[in-house]
Amino acid sequence: NRVLFTASVAIRLALVAYGDYQDRTMAVKYTDIDYHVFTDAARFITKGESPYNRSTYRYTPLIAWLLTPNIYLNPMFGKLLFIICDVLSGLLMYRILCLRGLGSQAACRMCSLWLLNPLPIGVSSRGNAESILAALVLGTLLCMEGRRLVWAAMLYGLSVHMKIYPITYALPICLTLRTPDTGAGEEKERQTWRRLLGFIRSFLNQELLLFAGVAAGVFCGLTSFFYHMYGWEFLHETYLYHLTRRDIRHNFSPYFYMLYLTADSSWSLGLGLAAFLPQLILLLLVSWAFHLDLALCCFLHTAIFVSFNKVCTSQYFLWYLCLLPLVIPRLSLSPKQGMGLLALWFAGQGVWLGPAYFLEFEGYNTFLLIWLAGLLFLVINCFILIQIIAHYKPEQTAQRLKSD
Amino acid sequence: MYFLLFFTLACLSTCYCRTENDEKAESMCGLLRQSLTSTSVSVEIDKKGFHRDVVTTVEFSPDGPSDLQALVVHKWPRGIYVDPYQLASLSEHTDWQVLLDSAIDLEVPAHKTVGLVAFVFPALHGRIPRLLKVTVPVHGRYHEPSFDGKKFTSIDLDPPELLLRTGKCQLSYLDPHTIVDAPCTADNSSICQWARIQHKQGQASFQLPVGDGLLVIPVCSATLLVTLVCCVALAKTVWKHQLFTH
């Protein structure tokens, strides 16, 4: 247990040190461009200006504020912070797994899937802020499992402030917290409107209102505070840009080529809406079907959101990878099948990366290949999700909802 | 009478001094004029794909004035852009600096923006090299899809203007049509007069891939069909395996 966490911290520190060496000596830099964006924005803050003076800074000012020690103390501070959040995510995962009934040894093995996984290690040591969000989401889930609603709501409000996608968890959380149906079925079926009324009323209980109130309070408080400080630019860069983003440059999304070819045509709005519908329908379905198991529900939510999104870059994968170790213990897949699915997922990415490299760095027109690879990646992702859902064995703890 | 003699002598000596200064200035300007005719500039493009290097080569004449300053003015079309942050980090390792005429949007497609003017100030350090090479990294923008079956679009770079000046020459001695106003240094704090050279060698161009607009209908239909099939398959599985309270 302790060995695992020490080793994971050591690996990350070593990579940060190596990254510093590579930045200083080689032409290809180790540190991600995002880290420089954060540092530049933090520099603006230390001068009393808006972090949005740094072009392409499209995050909450909180990150730039957190990274001001980059300017005052040491440029490495941010990376150390991200590494700490990364390892903290592993710790939170461990606690959640233990709460869900897993033994200590098995929980450690699951956590090592995140703590010793090269993808999150690389992402954090290169200076991306995804691990902060992973820690916040896992913290929310841990508090929900432990039924500490105020803390869960605060962490949830904060995570939605930092990135928009956790908003999708609102529906399963509401469904979890609402008063469950207490039987007396025949009476309810008589009148549909009465059934509907009862359904709506089941949402209005103390727990749910408390959660909603605290989460909304935290979110609105932070938003109005930063709006007061930085004005419209804050709202636009942090939220609106991501909602209306039409990046037509090549990315993993299956819709990339369609949106590129129709970017200036009259179909653009209609197609954008058509691309949004599968996401919406699936998210509603998954919320309803799996709200009893919040970890699985959130994992599926994020995986579907990312796979069907209009823009998809490899950073987004971390959003659901941090929830995967929570789901794996209850899968009845054999390790061989699991490795097969993993290899398939990597193969899907590889098939996309090939033509993308030739397009960007060799100048070949591989748009069609990239588009087909994007469609293939979507099919692979759906296949993997179907396998996960089909082989999921939920604990028989569905009744424990209101009893404790 | 002595006063008259003294006065005449004083006038003659000032005239002589001024003529000598004039001669010095004229000789400096003569050197500059010579530089303008015998210095040449050419441009070529390195690398492939969307990330290219624009290599500007300046061949100086050997007898130029010693404190010559040079400025290369690139007028680039809207299909390419430079990353100011990349240039800032590059300037730590190179001895040239770039001044851009406007803020650059790094993500906008080509047809929604305008070209840019880049002023490249190579540092000559008081010693004029025979050959000077400056490499500026540029990036291609995404272009509108083509509707005539062409898979590539051409980006044509006009040869840059090479401007020269020297502190010792008042440029009024030179032909007026070679004088232009441009920033004195990369910090754009003042405008100076520069002399433009005459020799410019041909255009450089490269190709960028573009999407095929003729395939709009098959691409949209196939994309929506595949996403619909995936959505339905996933929805069926989700509904079949939903968790029930008992």
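As a basis for the values below, the full set of heavy atoms in this structure was taken, side chains included, without hydrogen atoms, waters or symmetry mates. Per chain, numbering begins at 1; letters A, B, ... match sequence-line order.
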Could you tell me which portion of [X] (side chain, backbone, both or neither) has an atom closer than 4.5 angstrom to a non-hydrogen atom of chain A?
X        : value
B:Glu144 : both
B:Ile217 : side chain
B:Phe206 : neither

Original post:
Can you list the steps and then say if A:Lys310 with A:Phe276 is a side-chain contact (heavy atoms from CB on, under 4.5 Å)?
Top reply: CA-CA 8 Å; A:Lys310 293 197 265 284; A:Phe276 182 58; 4.2 Å; yes
Specify which of [options] makes the most heavy-atom pairs with chain A at under 4.5 Å.
options                                : answer
B:Leu208, B:Val210, B:Val232           : B:Val210
B:Lys47, B:Lys240, B:Gln86, B:His111   : B:His111
B:Pro145, B:Pro109, B:Gly140           : B:Pro145
B:Val216, B:Asp105, B:Val226           : B:Val216
B:Val108, B:Leu215, B:Asp212, B:Ile104 : B:Asp212

Are any non-hydrogen side-chain atoms of [X] and [Y] less than 4.5 angstrom apart?
X        : Y        : answer
B:Pro137 : B:Val82  : no
B:Gln97  : B:Thr185 : no
A:Trp371 : A:Tyr260 : no
B:Trp76  : B:Val54  : yes
A:Arg330 : A:Leu296 : no

Is it the side chain or the backbone of [X] that comes within 4.5 Å of chain B heavy atoms, both, or neither?
X        : result
A:Leu282 : side chain
A:His250 : both
A:Ser307 : neither

Original post:
For chain B, which residues from residues 352-360 of chain A lie under 4.5 Å away (heavy-atom distances)?
Top reply: A:Leu359, A:Glu360
**OP:** Examine the side chains of A:Tyr59 and A:Asp34 and answer whether a donor and an acceptor come within less than 3.5 Å of each other.
**Re:** yes
**OP:** Indicate whether any N or O donor in one side chain lies under 3.5 Å from an N or O acceptor in the other, for B:Ser89 and A:His36.
**Re:** no
Original post:
Taking SG to SG, are B:Cys192 and B:Cys184 separated by less than 2.5 Å?
Top reply: yes
Subject >> Centroid separation B:His139 to B:Phe50 less than 6.0 Å >> reply: no
